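Since the structure comes first, as structure tokens, the remarks are kept for the end.
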Amino acid sequence: MTLRTIENKDLSLILNWRNHPEVRKNMINQHIITQEEHYQWYLNIKNDPTRQWLIYEFELGNPVGVIYFTDIKNEAASWGFYMSANAPKGMGTIMLNEALNYYFITKKMKKLHSEVLKANSKSIHLHHKFGFKNAQNLRNTDIELFQLSKFFLFNNDWSHIKEKLEEEVKIKKTLILSQLV
Ligand SMILES: CC(C)(COP(=O)(O)OP(=O)(O)OC[C@H]1O[C@@H](n2cnc3c(N)ncnc32)[C@H](O)[C@@H]1OP(=O)(O)O)[C@@H](O)C(=O)NCCC(=O)NCCS
């Protein structure tokens, strides 16, 4: 199980995941992304220290989803994520757990922000499960006010929540591994 920086060879796979209707409908930007746009985007993010894109491999050499951290500054960032529509149930929990450990434990970041479309009840459920708290909207545009839920999570809170989730993550990993055999 690995989180690694995305590379050229991952681009077409990621574009397929990103343009899948189940992913697209949960993104703020919902238009179909062209290959040209996608490659230009990769050139932009590749050497940008404020953005980090990671791919998650549950089994070595078998990517299942992406996690991204943006607006990285002052030990804080925002995140987002999506998975292959074919990923087995439970994989999201495993990937997000891995990403939060990377962010808070390995990178020692202090705070993580998130914005989720209010209609995305699955993601909202996952944010609550991972201990995120609702953030207040201070300066609201219409889309923020009516369509977005904002969340945040602090490093100190994650260290407690990760212990509570350990058993659940272990069971989900075992179940998925047993289905792969
Ligand atoms: C979000 C995503 C990564 C989750 O992956 P996943 O493998 O389905 O996640 P899991 O199966 O581990 O967890 C889903 C959880 O949501 C719950 N759930 C499923 N459908 C739900 C719904 N309609 N409303 C509320 N909760 C729901 C499941 O019961 C499960 O919770 P539990 O494990 O506590 O029982 C994946 O669905 C995805 O890529 N979605 C599209 C992109 C997206 O929404 N990204 C987030 C943008 S903020």
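Index from 1, following the sequence. In each ligand, atom 1 is the first atom listed, and ligand 1 is the first ligand listed. On a predicted model such as this, the values are computed, not experimentally measured, just so you know.
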Notebook entry, point to check: Taking N or O atoms only and a 3.5 Å limit, does Lys129 qualify as a polar contact for ligand 1?
Noted result: yes

Notebook entry, point to check: Is there a path of hydrophobic side-chain contacts, each under 4.5 Å between heavy atoms of I, L, V, M, F, W or Y residues, that connects Ile33 with Tyr82?
Noted result: no

Check: Quick check: does Phe81 get an N/O under 3.5 Å from an N/O on ligand 1?
Finding: yes

Next item on the list: May I ask whether Ser123 has any heavy atom positioned less than 4.0 angstrom from an atom of ligand 1?
Entry: yes

Notebook entry, point to check: So which protein heavy atom does atom 22 (C) of ligand 1 come closest to, and at what separation?
Noted result: Ser121 OG, 3.5 Å

Check: Any idea which protein heavy atom is nearest atom 38 (C) of ligand 1, and the distance to it?
Finding: Met83 N, 4.1 Å

Checklist line | N or O contact, Gly92 vs ligand 1, cut-off under 3.5 Å | finding: yes

Notebook entry, point to check: Which of the atoms of ligand 1 are close to Asn26, meaning less than 4.0 Å from one of its heavy atoms?
Noted result: 41 (C), 43 (C), 44 (O)

Next item on the list: For ligand 1, find out whether one of its N or O atoms is nearer than 3.5 Å to an N or O atom of Gly90.
Entry: yes

Item checked: Proximal ligand 1 atoms for Asn120, defined as those under 4.0 Å from one of its heavy atoms -> 43 (C), 44 (O), 46 (C), 47 (C)

Note to self: Polar contacts were defined as any N/O atom of the residue lying under 3.5 Å from an N/O atom of the ligand; does this apply to Glu115 and ligand 1?
What the structure shows: no

Notebook entry, point to check: Side chain of His38, backbone of Leu11: donor and acceptor closer than 3.5 Å?
Noted result: yes

Note to self: Would you say Ile105 ends up clustered with Tyr103 if hydrophobic residues are merged whenever their side chains have heavy atoms under 4.5 Å apart, either directly or through other cluster members?
What the structure shows: yes

Next item on the list: Using a 4.5 Å cut-off on heavy atoms from C-beta on, say whether the side chain of Glu115 contacts that of Lys150.
Entry: yes

Note to self: Pairs of nitrogen or oxygen atoms closer than 3.5 Å, one from Lys172 and one from ligand 1: do any exist?
What the structure shows: yes

Note to self: With respect to Leu126, determine whether any N or O atom, backbone or side chain, lies less than 3.5 Å from an N or O atom of ligand 1.
What the structure shows: no

Notebook entry, point to check: Shared ILVMFWY cluster between Met83 and Ile14, side chains joined below 4.5 angstrom?
Noted result: no

Notebook entry, point to check: Can you list the ligand 1 atoms lying under 4.0 Å from a non-hydrogen atom of Glu22?
Noted result: 41 (C)

Note to self: One residue to check: His125. Relative to ligand 1, which of side chain, backbone, both or neither has a non-hydrogen atom less than 4.0 Å away?
What the structure shows: side chain

Next item on the list: Check each heavy atom of Leu96 against ligand 1 and say whether those closer than 4.0 Å belong to the side chain, the backbone, both or neither.
Entry: neither

Notebook entry, point to check: Among all protein non-hydrogen atoms, which one is nearest to atom 37 (O) of ligand 1, and what is the separation to 0.1 Å?
Noted result: Lys122 NZ, 3.1 Å

Notebook entry, point to check: What heavy-atom pair brings Thr93 and Glu168 nearest, and what distance separates the two atoms?
Noted result: CG2-OE2, 3.9 Å

Check: Are there protein heavy-atom neighbours of atom 17 (C) of ligand 1 below 4.0 Å?
Finding: yes

Next item on the list: Examine distances only and state if a side-chain atom of Gln30 and a backbone atom of Met27 form a donor-acceptor pair shorter than 3.5 Å.
Entry: yes

Notebook entry, point to check: With a 4.5 Å limit on heavy-atom distance, are the side chains of Leu117 and Leu148 in contact?
Noted result: yes

Next item on the list: Not counting sequence neighbours, which residues clear ring-ring contact (aromatic ring centres under 6.0 Å, His included) with Trp17? List them please.
Entry: none

Checklist line | Contact atoms of ligand 1, heavy-atom distance to Tyr82 under 4.0 Å | finding: 39 (O), 42 (C)

Item checked: Residue of the set Trp79, Phe69, Trp41 for which ring pair (Phe, Tyr, Trp, His ring centres under 6.0 Å) holds with Trp53 -> Trp41

Check: By number and element, which atoms of ligand 1 are closer than 4.0 Å to a non-hydrogen atom of Lys89?
Finding: 11 (O)

Note to self: Could you see if Met91 belongs to whatever hydrophobic cluster contains Phe81? Use Ile, Leu, Val, Met, Phe, Trp, Tyr and a side-chain cutoff under 4.5 Å.
What the structure shows: yes

Notebook entry, point to check: Would you say atom 24 (N) of ligand 1 touches the protein, meaning some protein heavy atom is under 4.0 Å from it?
Noted result: yes

Checklist line | Backbone or side-chain N or O of Thr93 under 3.5 Å from ligand 1 N or O | finding: yes

Note to self: Which residues end up grouped with Leu175 if you chain together Ile, Leu, Val, Met, Phe, Trp and Tyr wherever their side-chain heavy atoms are less than 4.5 Å apart?
What the structure shows: none

Checklist line | Ile94 reachable from Val66 in the ILVMFWY side-chain graph, under 4.5 Å edges | finding: no

Check: Are any non-hydrogen protein atoms located under 4.0 Å from atom 40 (N) of ligand 1?
Finding: no

Margin query: Determine whether a donor-acceptor pair (N or O, by modelled atom type, separation under 3.5 Å) exists between the side chain of His127 and the backbone of Ser123.
Written below: yes

Notebook entry, point to check: Within less than 4.0 angstrom of ligand 1, does Ala87 place any heavy atom?
Noted result: no

